[in-house]
Amino acid sequence: CTLVASSRCALAAPLLIHNETVTSSAGQLHLLCREVLSQMKQRRAARRGRARPRVRLPQLVRRSRAGARDRREVRRPAPAPHLLEERWGSAAAALDDESGRIIIVGGAGAGGASILKSTEIYDPETNAFSPGPEMATRRYGLTAVKIDDRRILVIGGNNGEGEYLASTEVLDIDRKVFSPGPTMGTRRQNAAAVKLADERRVLVIGGDGLGGVLNTTEYLDLETNTFS
């Protein structure tokens, strides 16, 4: 056994540790030499500012990668659900701002073979659609707009028989029932509609009509329930 630097060691020879003389057998002396060498290395590293705790890097890397995978899995959104019926040319409006539910109204079935008066309600909590109340009239190319906390207005569209519609229907959100609404001055399909900031009027904009593409608009006065 040999100690580097200023330490010297020989088998069965006296060894000075912490100012004490120890006489050991060959096996014990070998262990003592290893301990002295370890202490010397630690002291040198401490003087150089390199003394650091041992870190099991491979294990930390594995944990970090596993944590990243877990975070990705948590953030991954659920797949979008399917409608109960195939439909195009439908309209949608928010039912409740707190629950986030949405109602899908009307539209045309696959290939346009049927015009729908059915509705579906999407619930984000269950991530699924369920049947909603039926309208009185079959419509596609219709428009839907929420006019207050309790009502949604369904506007115009086409009944599938080449007839543009001027009629409207009002959905009572709490009762889940449609009732007839006011009649527009112009028959419209594929129009746009928005409730104005004054909270008293809805503006219906453009669309297709008997004369082709429309550039006209009309107001619905929510107090008098009439179009102008």
Side-chain angles (χ1 to χ4, degrees), residues 77-78 80-109 114-160 163-209 214 216-228:
H82 290 281
L83 291 163
L84 302 178
E85 293 184 82
E86 295 178 337
R87 60 179 77 218
W88 59 272
S90 57
L95 285 174
D96 188 336
D97 291 336
E98 293 182 359
S99 68
R101 293 180 305 152
I102 297 170
I103 186 167
I104 316 298
V105 294
S114 61
I115 308 303
L116 306 174
K117 60 179 179 179
S118 62
T119 69
E120 302 183 29
I121 296 174
Y122 170 70
D123 189 335
E125 291 188 2
T126 61
N127 193 37
F129 286 94
S130 60
E134 284 195 346
M135 297 183 291
T137 303
R138 301 177 186 274
R139 306 169 185 265
Y140 77 95
L142 68 165
T143 305
V145 60
K146 191 172 184 179
I147 54 179
D148 58 36
D149 292 339
R150 297 182 301 103
R151 296 180 297 168
I152 291 174
L153 179 68
V154 174
I155 303 168
N158 194 304
N159 64 3
E163 183 181 355
Y164 296 100
L165 301 174
S167 62
T168 68
E169 300 185 41
V170 178
L171 169 65
D172 186 309
I173 295 174
D174 295 332
R175 295 171 54 216
K176 295 183 180 180
V177 174
F178 282 96
S179 59
T183 301
M184 294 185 291
T186 302
R187 299 173 182 268
R188 301 174 186 271
Q189 172 187 342
N190 299 322
V194 61
K195 185 180 179 182
L196 300 181
D198 60 17
E199 298 288 332
R200 295 186 299 104
R201 295 177 298 169
V202 172
L203 179 62
V204 181
I205 307 162
D208 301 323
L214 303 173
T216 59
T217 67
E218 46 190 305
Y219 288 116
L220 169 62
D221 189 314
L222 296 177
E223 295 182 355
T224 63
N225 200 35
T226 56
F227 282 96
S228 60

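Counting from 1, the numbers follow the sequence of the chain as shown. Source: prediction; values computed, not measured.
A side chain to side chain contact (heavy atoms under 4.5 Å, CB included) with Phe178 is found for one member of Ile152, Asp172, Thr137, Val105 and no other, namely Val105.
Side chains of Phe227 and Asp221 form no contact here, defined as non-hydrogen atoms less than 4.5 Å apart. Side-chain contact between Met184 and Thr168: present, with at least one pair of heavy atoms (C-beta onward) separated by less than 4.5 Å. Two residues are said to be in side-chain contact when any heavy atoms from C-beta on lie closer than 4.5 Å; Thr226 and Pro182 fail this criterion. Put simply, the side chain of Leu203 reaches to within 4.5 Å of the side chain of Thr217, judged on heavy atoms. Side-chain contact between Ile102 and Ile121: absent, with no pair of heavy atoms (C-beta onward) separated by less than 4.5 Å. Residues Arg188 and Thr216 have side chains in contact (heavy-atom distance under 4.5 Å, counting atoms from C-beta outward).
A donor atom on one side chain and an acceptor atom on the other are not found under 3.5 Å apart for Tyr164 and Asn159. Side-chain atoms of Ser90 and Arg139 include no donor-acceptor pair closer than 3.5 Å. There is no side-chain donor-acceptor pair under 3.5 Å between Ser228 and Glu218. Judged by distance alone, the side chains of Arg138 and Ser114 never bring a donor and an acceptor atom under 3.5 Å apart. Counted by atom type alone, Gln189 and Asp208 present zero donor-acceptor pairs between their side chains at under 3.5 Å.
Heavy-atom contacts from other residues, nucleotides or ligands closer than 6.0 Å to CG of Asp198 number more than 12.
Counting only distance, with no hydrogens or angles, the side chain of Lys117 and the backbone of Met135 share no donor-acceptor pair below 3.5 Å. For the pair Glu169 (side chain) and Ala136 (backbone), a donor-acceptor distance under 3.5 Å is present.
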I would like to know whether Glu163 and Arg187 meet salt bridge (charged side-chain N to carboxylate O under 4.0 Å, His left out); could you show each step before the answer? CA-CA 9 Å; Glu163 183 181 355; Arg187 299 173 182 268; 3.5 Å; yes
Apply side chain to side chain contact (heavy atoms under 4.5 Å, CB included) to the pair Leu171 and Leu95, showing each step before the final yes or no. CA-CA 10 Å; Leu171 169 65; Leu95 285 174; 4.1 Å; yes
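Rounding to the nearest 0.5 Å gives a distance of 11.5 Å between CD1 of Ile115 and CZ of Arg87. The CD1 atom of Ile104 sits 7.5 Å away from atom CD of Glu120, with the distance rounded to the nearest 0.5 Å. Note: Thr119 OG1 to Ile103 CD1 = 4.0 Å, rounded to the nearest 0.5 Å. Within the model, atoms OG1 of Thr143 and CG of Leu153 stand 9.0 Å from one another, a figure rounded to the nearest 0.5 Å.
The nearest pair of heavy atoms linking Val170 to Gly181 is CG2-CA, 4.0 Å. Scanning all heavy atoms of the two residues, the minimum distance from Pro81 to Phe129 falls at CG-CE1, 3.8 Å.
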